[in-house]
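Data block below; observations after.
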Amino acid sequence: MSQEQPRRPQEGQEPVKYGDIFMVSGDLASKTVAPQDAAMMQTAETMVLGQTQKGGPAAVMQSAATRNERAGLVRHDEATDVAGHEGVTVIETDVPGRRIITESVGGQVIGQYVQPTPVTQVAAGGFMQQNAITIGEALEASAQTAGDRPVDQSDAAAIQAAEVRATGSNVIIPGGLAATAQSAAAHNAGTDTEQDKIKVSDVLSGATAKLPADKVATRQDAEGVVSAELRNNPDMTTRPGGVAASVTAAARLNENMNVNT
């Protein structure tokens with residue numbers, strides 16, 4: 001199957017920029033919404049909220065990014081420098097009876113909304129700190145954001161790096177995530193029919209329970225996983241919503257919560 005060629009920009013068509021869809025200012029307002037930006041926000045929403053919110057910032061960004069990509073104005077693997085360097089965040093604050101969700105790109109709020117919740121016991125001061133996100137939870141998020149894609153060698157390498165970071169051991173666990181991912185990648189490489197290929201979700205669903213140990217995702221963990229995915233991808237890029245992107249998003253969210261690891 002031939003690889004799809006990048007589309008040529010459609011003459012006269014203007015890209016959808018952040019300032020067109022969100023109340024933002026400065027440099028961010030003039031930036032074109034890119035596919036990797038949307039993928040990062042989808043991953044962040046999935047990890048913090050359990051799923052991408054219908055009509056939420058991630059969905060709006062995805063719609064804009066898809067339009068820009070179809071018009072040939074951005075590449076599928078492209079991210080803005082603001083989102084790439086400063087990151088995207090989803091912060092959840094629980095107060096009695098409600099939950100406040102704040103979503104940001106490059107430090108600027110693009111969405112904030114309130115959800116009602118049952119009243120539960122809260123910490124002194126009335127606030128409960130959001131739990132830190134572990135490597136296992138980041139892998140589970142990847143199962144949702146990139147779950148329909150067949151496992152390839154770059155996925156297997158990233159999963160192995162994540163397992164090593166989570167467990168603190170370089171020994172590949174028989175029947176574990178890394179071993180299963182390597183087997184899946186080898187199977188898929190020799191399989192022509194798409195429906196017969198093993199998908200990311202088949203390997204990473206319930207990842208936390210499949211790890212013998214787990215830990216809070218840090219920047220160092222993310223760098224190791226990103227490096228592994230890049231080295232095993234002929235295009236030398238990470239995949240939107242993939243393993244590296246999910247662990248990176250988890251590490252950034254943990255940093256923004258000032259989690260001590």
Side-chain angles (χ1 to χ4, degrees), residues 34-63 65-66 76-77 79 83 87-92 99 101 103 105 111 113 115 130-152 154-163 165-166 176-178 180-181 184-185 188 194-195 197-211 214-217 221-222 225-226 228-229 233 237-254 256-257:
Q36 283 275 14
D37 296 14
M40 284 190 284
M41 186 58 81
Q42 286 180 322
T43 299
E45 281 192 2
T46 299
M47 283 191 289
V48 175
L49 306 174
Q51 62 183 4
T52 299
Q53 301 301 291
K54 185 177 181 180
V60 174
M61 288 171 65
Q62 183 61 58
S63 178
T66 299
H76 183 67
D77 61 355
V88 305
T89 60
V90 177
I91 297 175
E92 180 184 43
R99 177 172 60 172
I101 295 104
E103 304 192 30
V105 174
Y113 44 99
Q115 294 180 342
Q130 177 188 325
N131 291 330
I133 300 166
T134 67
I135 292 174
E137 289 168 337
L139 293 177
E140 290 181 357
S142 185
Q144 295 188 48
T145 56
D148 293 335
R149 188 170 49 72
V151 178
D152 65 13
S154 67
D155 298 316
I159 291 168
Q160 180 176 332
E163 182 179 87
R165 290 279 179 171
L177 290 177
T180 303
N188 290 345
E194 195 75 13
Q195 65 186 27
K197 293 184 177 182
I198 301 170
K199 306 298 192 293
V200 172
S201 60
D202 297 328
V203 176
L204 293 182
S205 293
T208 301
K210 297 174 184 176
L211 288 169
D214 202 0
K215 67 182 287 290
V216 171
D221 297 328
V225 176
V226 167
E229 189 168 310
N233 187 336
T237 60
T238 58
R239 298 181 182 277
V243 174
S246 293
V247 177
T248 299
R252 283 174 173 162
L253 289 166
N254 288 339
N256 282 307
M257 288 187 289

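Predicted model only: the values in this text are computed from it and were never measured. In this chain, numbering begins with 1 at the start of the sequence shown.
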Would a distance-only check, ignoring hydrogens and angles, find a side-chain to backbone donor-acceptor pair under 3.5 Å from Gln53 to Gln51?
-> yes

Sequence neighbours left out, what passes side-chain contact (heavy atoms from CB on, under 4.5 Å) with Thr180? Give chain and number order.
-> Val203

Interatomic spacing from CG in Asp155 to CG in Asn233 - rounded to 0.5 Å = 9.0 Å

Measure across Ile159 and Ala181 and return the closest heavy-atom pair with its distance rounded to 0.1 Å.
-> CD1-CB, 3.7 Å

Decide yes or no on side chain to side chain contact (heavy atoms under 4.5 Å, CB included) for Ile133 and Met47, but give the supporting numbers first.
-> CA-CA 8 Å; Ile133 300 166; Met47 283 191 289; 3.9 Å; yes

Main-chain N/O of Gly136 paired to Asp214 side chain as donor or acceptor, under 3.5 Å = yes

Quick one: side-chain contact (heavy atoms from CB on, under 4.5 Å) partners of Ala244, sequence neighbours excluded?
-> Val225, Val226, Glu229, Thr238

Can you tell me how far the CD atom of Gln36 sits from the OG1 atom of Thr237, to the nearest 0.5 Å?
-> 7.5 Å

Any donor-acceptor N/O pair, Asn188 side chain to Lys197 backbone, under 3.5 Å = no

Can you list the residues that meet the side chain to side chain donor-acceptor pair (under 3.5 Å) rule with Glu103, with sequence neighbours excluded?
-> Tyr113

For Ala249 and Thr43 the tightest heavy-atom approach is CB-CG2, 3.8 Å

Of all residues at least two apart in sequence or in a different chain, which pass the side-chain contact (heavy atoms from CB on, under 4.5 Å) check with Gln42?
-> Thr52, Ala58, Gln62

For Ser205, the side chain to side chain donor-acceptor pair (under 3.5 Å) test, sequence neighbours excluded, returns none

Reported OG1-to-CZ distance for the pair Thr89 and Arg252, which is rounded to 0.5 angstrom = 10.5 Å

Leu139 CG to Leu204 CG distance, which is reported to the nearest 0.5 Å = 5.5 Å

In short, Ala65 meets Ala38 closest at the heavy-atom pair CB-CB, 4.3 Å

Which atoms form the tightest heavy-atom contact between Ser246 and Ala138, and what is the distance?
-> CB-O, 3.3 Å

Is the closest side-chain donor-acceptor distance between Thr208 and Glu137 under 3.5 Å?
-> no

Could you check if a side-chain atom of Ile91 sits within less than 4.5 angstrom of a side-chain atom of Ile101, using non-hydrogen atoms only?
-> no

All heavy atoms of Leu253 vs all of Val90, minimum pair found to be CD2-N, 3.3 Å

Residues two or more places apart in sequence or in another chain: which of them pass salt bridge (Lys or Arg N to Asp or Glu O under 4.0 Å) with Asp221?
-> Arg165, Lys215

How many angstroms lie between CG in Leu211 and CG in Leu177, if you round to the nearest 0.5 Å?
-> 5.0 Å

Which heavy-atom pair separates Ala83 from Val105 by the least distance, and what is that distance?
-> CB-CG1, 4.3 Å

